[in-house]
Every structure is written in C-alpha cells, then in structure tokens.
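A short write-up of the structure that comes next.
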Amino acid sequence: MKKIEVKTSATVFNTLSELDQEDQLLMNKAIEARAKAYAPYSKFKVGAAFLLENGTIVLGNNQENAAYPSGMCAERVGVWKVGSEFPGIKIKKIAITAASENTIVNKPVGPCGACRQTLSEYEINQKESIEIIFMGEVGEIIKTTSLLSLLPFSFDSSYL
Ligand code: THU
C-alpha cells in the first residue's frame with residue numbers, strides 16, 4: 001500500500017485590473033456573454049469566453065429549459081461551439097464568470113464537474129494546456145494553468 005498526494009495550484013487575484021491585458025479582455029467578453037445567458041429558472045447567469053490560438057474569441061452562456069435537465073452550462077455551450085465551428089484549432093484560455101439575480105456572487109465560480117470532464121477531452125486532444133480564469137460577479141479571480149489540474153484521476157480515452 002502507498003499513499004499519494006495530489007496537489008493543485010492556482011493564482012488568486014483581487015481585482016480584474018491585476019490580470020494581464022489579454023486575460024482582462026477575455027473576462028470582459030465572458031461578462032458580455034453572461035448578460036445574454038438564458039437562465040429564467042435559476043436566475044444564475046454564467047458566461048464563458050474561449051480564446052483560440054488563431055485569436056478568435058468564442059462565447060458561451062448557460063441555456064436553461066423548462067425541462068430542467070435539458071438545459072446546458074455555459075462552458076459546454078461554448079466548447080461545443082468551438083468544436084463544431086473551429087475543429088482542430090487549439091483553445092488557449094477560457095474565462096468564466098457568474099452572476100445571480102438573487103444574490104451577489106462574490107466568490108469564484110469554477111466549471112462544474114461535467115464541464116470539467118467535457119473540457120478535458122479538448123485539452124487532451126490538443127496536447128496543450130488550457131488556462132482557466134474564473135470569477136463570480138465581484139471578488140477574487142482564480143487562474144489555473146490547465147484544465148486537468150482541476151480534475152485529478154480523470155477518465156479519458158486511454159481506458160477504452
Ligand atoms: N451553470 C453553468 O453554466 N456552469 C457551471 O459550471 C455551473 C452551473 C449553470 C447551469 C444552470 O443553468 C445554472 O448555472 C444553475 O446551476
């Protein structure tokens with residue numbers, strides 16, 4: 001028997017102005033995407049902005065449905081837009097932000113487990129890490145250097 005330790009690390013910023021210009025711009029795009037989310041049931045709007053290696057920015061936001069499980073998270077709406085419109089083009093970084101009509105979201109909102117799994121497929125295929133930058137509506141911003149750092153012991157095609 002042996003014990004192993006899985007460590008992850010992230011950088012925490014206090015304000016948007018501490019981010020470099022590219023990250024700030026991308027987060028501002030995520031905020032734009034957030035405003036257009038369709039979240040009449042949860043009132044929790046999420047926006048995601050994907051910066052591709054060719055400079056293109058692709059936006060996604062959550063799209064809810066009266067049949068709740070038929071709705072979809074912002075990150076998966078976004079990454080599937082990338083996968084369908086720009087197959088083979090690498091994703092450099094993703095900015096994510098969330099805001100609620102019920103409360104002020106003041107802590108960073110990371111991608112849910114299902115979104116992490118979905119995004120991991122793209123990071124693995126492109127053989128280059130994707131930076132993930134996430135925040136609430138206000139407060140601290142977290143930046144990680146890869147998706148897989150958010151998903152230890154993940155499942156991938158090597159098991160199939
Ligand atoms: N949501 C996202 O869009 N991304 C996440 O990573 C977490 C949750 C959405 C799904 C649903 O529309 C709302 O937020 C509340 O869960």
Side-chain angles (χ1 to χ4, degrees), residues 6 8-16 19 22-52 56-86 89-126 128-156:
V6 180
T8 196
S9 67
T11 311
V12 182
F13 300 89
N14 292 310
T15 63
L16 268 182
L19 299 177
E22 190 177 76
D23 292 2
Q24 272 186 48
L25 187 137
L26 198 64
M27 187 55 84
N28 282 323
K29 290 285 176 192
I31 291 169
E32 277 177 43
R34 189 184 76 196
K36 295 182 193 159
Y38 177 64
Y41 306 107
S42 72
K43 316 276 187 207
F44 190 82
K45 293 184 166 191
V46 185
F50 294 69
L51 175 63
L52 309 188
T56 305
I57 292 177
V58 175
L59 304 181
N61 50 33
N62 50 331
Q63 296 293 316
E64 296 188 347
N65 194 282
Y68 293 177
S70 301
M72 189 45 65
C73 292
E75 297 88 330
R76 276 176 285 170
V77 169
V79 80
W80 288 332
K81 274 173 77 179
V82 173
S84 57
E85 285 184 54
F86 302 96
I89 309 289
K90 291 179 184 173
I91 301 166
K92 231 175 120 181
K93 51 181 81 169
I94 309 172
I96 303 162
T97 175
S100 170
E101 284 175 29
N102 300 324
T103 180
I104 293 173
V105 182
N106 59 9
K107 53 186 181 183
V109 178
C112 78
C115 286
R116 290 177 200 206
Q117 179 63 35
T118 302
L119 294 169
S120 74
E121 182 89 9
Y122 294 82
E123 184 174 89
I124 290 165
N125 284 348
Q126 71 178 34
E128 241 169 77
S129 296
I130 302 173
E131 292 180 347
I132 317 284
I133 309 150
F134 53 96
M135 61 179 280
E137 185 180 3
V138 296
E140 290 178 335
I141 302 135
I142 291 183
K143 179 171 179 174
T144 64
T145 52
S146 78
L147 187 281
L148 286 176
S149 70
L150 298 174
L151 196 65
F153 304 112
S154 61
F155 184 81
D156 60 43

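Just so it is clear, the values below take in all heavy atoms, side chains as well, and ignore hydrogens, waters and symmetry mates. We count ligands from 1, going down the list as the structure has it; atoms in each ligand are counted the same way. All of these numbers come straight from a predicted model, not from anything done at the bench.
Atom numbering of ligand 1 starts at 1 in the shown order; those under 4.0 Å from a heavy atom of P111 are 6 (O). Of all atoms in ligand 1, listed by their number and element, those nearer than 4.0 Å to a heavy atom of G110 are 6 (O).
The one candidate from E32, R34, E137, K45 that meets the side-chain hydrogen bond (donor to acceptor under 3.5 Å, both in side chains) condition with T97 is R34. Considering I130, L147, I133 in turn, I130 is the only one that fulfils the side chain to side chain contact (heavy atoms under 4.5 Å, CB included) rule with I94.
Residue A74 has at least one N or O atom closer than 3.5 Å to an N or O atom of ligand 1. Polar contact with ligand 1: absent for M72 (N/O pair, distance under 3.5 Å).
With hydrogens left out, the protein atom closest to atom 4 (N) of ligand 1 is E75 OE1, 2.8 Å, a heavy atom. Counting only heavy atoms of the protein, atom 12 (O) of ligand 1 lies nearest to E64 OE2, 2.5 Å. Nearest to atom 8 (C) of ligand 1 among the protein's heavy atoms is C73 SG, 4.0 Å. Scanning all protein heavy atoms for the shortest distance to atom 16 (O) of ligand 1 gives F44 CD2, 4.8 Å.
Taking a 6.0 Å sphere around CD of Q126, one finds it holds more than 12 heavy atoms contributed by other residues, nucleotides or ligands. In K92, the NZ atom is not crowded: 12 or fewer heavy atoms of neighbouring residues, nucleotides or ligands sit closer than 6.0 Å. The environment of NZ in K93 is crowded: more than 12 heavy-atom neighbours from other residues, nucleotides or ligands sit within 6.0 Å.
With rounding to the nearest 0.5 angstrom, the CE atom of M135 is 12.0 Å from the CD1 atom of I96.
Nearest-residue assignment for atom 9 (C) of ligand 1 (options N62, V77, N61, N65; heavy-atom criterion): N62.
With a 4.0 Å cut-off on non-hydrogen atoms, S42 touches ligand 1 through its side chain and not its backbone.
No hydrogens or angles considered: a donor-acceptor pair under 3.5 Å links the side chains of N61 and Q63.
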